[in-house]
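For clarity, every value in this text was computed on a predicted model and none was experimentally measured. Lettering of chains follows the sequences in order, A, B, ..., and the numbering in each one begins at 1.
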Amino acid sequence: MPKFQDLKISLALSDSKRKISDFREYAERIHEYAASDDAVTEAFERAYFADKDFRDEKEMLPPPGDAVAALESELLPVLAQMEATGVHADAKELRDIGEELREKSKNLELEMIDLIGEPFNPNSAKQVQYVLFDKLKIPSGKKIKTGFSVDSDTLEEIGKNYAIANLILEYRSYEKLRATYAEGLLKEIGEGGRIHTTYNQVATSTGRLSSESPNLQNVPSGEGYPARIKGCFRPAEAGWKYLVADYSQIELRILAHLSSDGALLNAFELGRDIHAETAKFLFPTAKEISKDMRRIAKTVNFGVIYGITGFGLSKTIGTSPAEATGYIAAFFERYSGVRAYYDALLEKARTTGYVETALGRKRFVKGLNDSNQNIRKGAEREATNMPVQWTAADVVKRAMVSVAERLKRGKFESRMIMQVHDELVFEGPESEMPDLEILVREAMETALPGYRLPVDIATGSNWASAKG
DNA sequence: CGAGGAGCGA
DNA sequence: ACGTCGCTCCTCGA
């Protein structure tokens, strides 16, 4: 069967749950879909045109055999293998963590009821609104459909003056970890003690994969309970290890590559600390770059990729909007090639109505010529961000295909078991780890033609400990 | 069962 | 108005 056909089939399958014991069964199942139906065409178009309004523009359909189709179809069996293999998780430990968290939130609930003087459910936004704004008459903030927001930004503000807000925040953090991760993941453990997620190839407008039932791409990271939860993901076999490989600064490096900005490329080339490097130009009079300056520069570096506004940046770094706007301007002054790249990209998009990448991903962007500045700026953010995110997603997909081929050719027992956007996770016998590291590094670092993207690799006994 | 609110990751 | 995307949890009312 031609590869292009494989792609259509995978797209048709994307709405159904893929739980398969091996690729043979998977192949048989996709044959059933292959014969039919409109869903194939529909899903296929969806993969290319996230903007549904343009789905009828048939003449814009990519020709069979193009690079995106080839990549997606080569990725398909790799994903099938990962899903079928699954990830081993420690059920007992997840259960223990869940019980601990349940105990913690129960205690907090009692403490809060004691403080307020009447029972209420802190999981209910409506009841929290009542307690804070009606009963305690605390000044409210953001307006939402159902009254006033009680989200974490609001509660953090209120928490400066009222202990109850901090207790609710703490309660929520335990409940999130308990319900979604400790107990949520526990429910997903199947026979063999493994969790089998489903990777969706056509869910996002940015070319990324998504992961569902369960979502393994938003497992919490950090110290304490998040680390304990991540630590539950570990090999079932004695003597096996995890190997975690993640791209360092992939989007910023891709922006450097796409824009050919000399300063940005040079900073990366010299192996500089890119955030400290940017900080030098945001704070030209500073003798030394402080931690705080680096933090601000880091936020600017990331923010530029997403088209952050002065206002948005000011909220994140806690300065005035004017000051934040100045930092963004300083970034574009220093990295003027990025500005030029964005300008050229937008100029072309305004004329053609779409943005595209070298590989052939395309997206129509509405609003680039709108008279409303908000709509126009929003469209420009979308247009400038898209090629960077797309390219990053394609790099990882290409790396996955390449790694899978090399593992097969090298007759490795080790296998790829997870993808978290810029991170790939493997498990295998400890004896294979040194060779596995070399293989994975080579495949990942060379996945963007013409530019070597550095990768951080670490091994460990579980997902939490395998970090540099 | 779906909408709304909230929060997790990249 | 203020960055974006996608997934899942809980509550609440139809």
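- When atom types are taken as modelled, the side chain of Thr197(A) and the backbone of Pro214(A) share a donor-acceptor pair closer than 3.5 angstrom.
- In this structure His88(A) satisfies the ring pair (Phe, Tyr, Trp, His ring centres under 6.0 Å) test with no other residue, sequence neighbours excluded.
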When the side chains of residues 457-468 of chain A are checked against the rest of the protein, which donor-acceptor pairs come out under 3.5 Å, sequence neighbours left out?
residue, atom, partner, partner atom, Å
Asn462(A), OD1, Ala464(A), N, 2.8
Asn462(A), OD1, Ser465(A), N, 2.7
Asn462(A), OD1, Ser465(A), OG, 3.4
Trp463(A), NE1, Glu423(A), OE2, 2.9
Ser465(A), OG, Ser461(A), N, 3.2
Ser465(A), OG, Asn462(A), N, 3.2
Ser465(A), OG, Asn462(A), O, 3.4

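- Protein atom CD1 of Ile308(A) is 12 Å distant from nucleotide atom P of dC2(C), rounded to whole Å.
- For the pair Ile375(A) CD1 and dC2(C) P, the computed distance is 13 Å after rounding to whole Å.
- For Tyr181(A), there are no ring pair (Phe, Tyr, Trp, His ring centres under 6.0 Å) partners two or more places apart in sequence or in a different chain.
- Rounded to an integer number of Å, the gap from Arg178(A) CZ to dC9(C) C1' is 10 Å.
- Only the P atoms considered, dC2(C) is 15 Å distant from dA6(B), to the nearest whole Å.
- Comparing dC9(C), dG3(C), dC5(C) by their nearest atom to the side chain of Arg381(A) picks out dG3(C).
- At a threshold of 4.0 angstrom between heavy atoms, the contacts of Asn123(A) are confined to the sugar-phosphate backbone, with no base atom among them.
- Asn372(A) has its CG atom 13 Å from the C1' atom of dC2(C), to the nearest Å.
- Nearest-nucleotide positions on DNA chain C for Gln373(A) and Thr180(A) put Gln373(A) closer to the 5' end.
- Atom-to-atom, CD1 of Ile317(A) to C1' of dG3(C) comes out at 15 Å; the value is rounded to the nearest Å.
- Following rounding to the nearest Å, Met386(A) (CE) and dT4(C) (C1') show an atom-to-atom distance of 8 Å.
- At the heavy-atom level, Lys126(A) lies under 4.0 Å from the strands shown only through sugar-phosphate atoms.
- Within 4.0 Å (heavy atoms only), Glu251(A) reaches no atom of the nucleic acid at all.
- Among the heavy atoms of the strands lying under 4.0 Å from Asn121(A) are primed sugar atoms or P, OP1, OP2 only; no base atom is included.
- Nearest heavy atom pair, residue His421(A) against residue Gln217(A), reads CE1-OE1, 3.3 Å.
- Distance OH (Tyr171(A)) to C1' (dC9(C)): 12 Å, rounded to an integer number of Å.
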### Task
Using a 4.0 Å cut-off on protein heavy atoms (strictly under), produce a 5'-to-3' string for nucleotides 4-10 of chain B with B for base contact, S for backbone-only sugar-phosphate contact, and - for none.
SSSBBSB

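- For Glu323(A), there are no salt bridge (Lys or Arg N to Asp or Glu O under 4.0 Å) partners two or more places apart in sequence or in a different chain.
- The distance from atom CG of Leu101(A) to atom C1' of dC9(C) is 14 Å, rounded to the nearest whole Å.
- With sequence neighbours excluded, the residues satisfying side-chain contact (heavy atoms from CB on, under 4.5 Å) with Phe148(A) are Phe133(A), Ser140(A), Lys143(A).
- Contact annotation: Ser213(A) side-chain N/O to dC7(C) OP1/OP2 distance is not under 4.0 Å.
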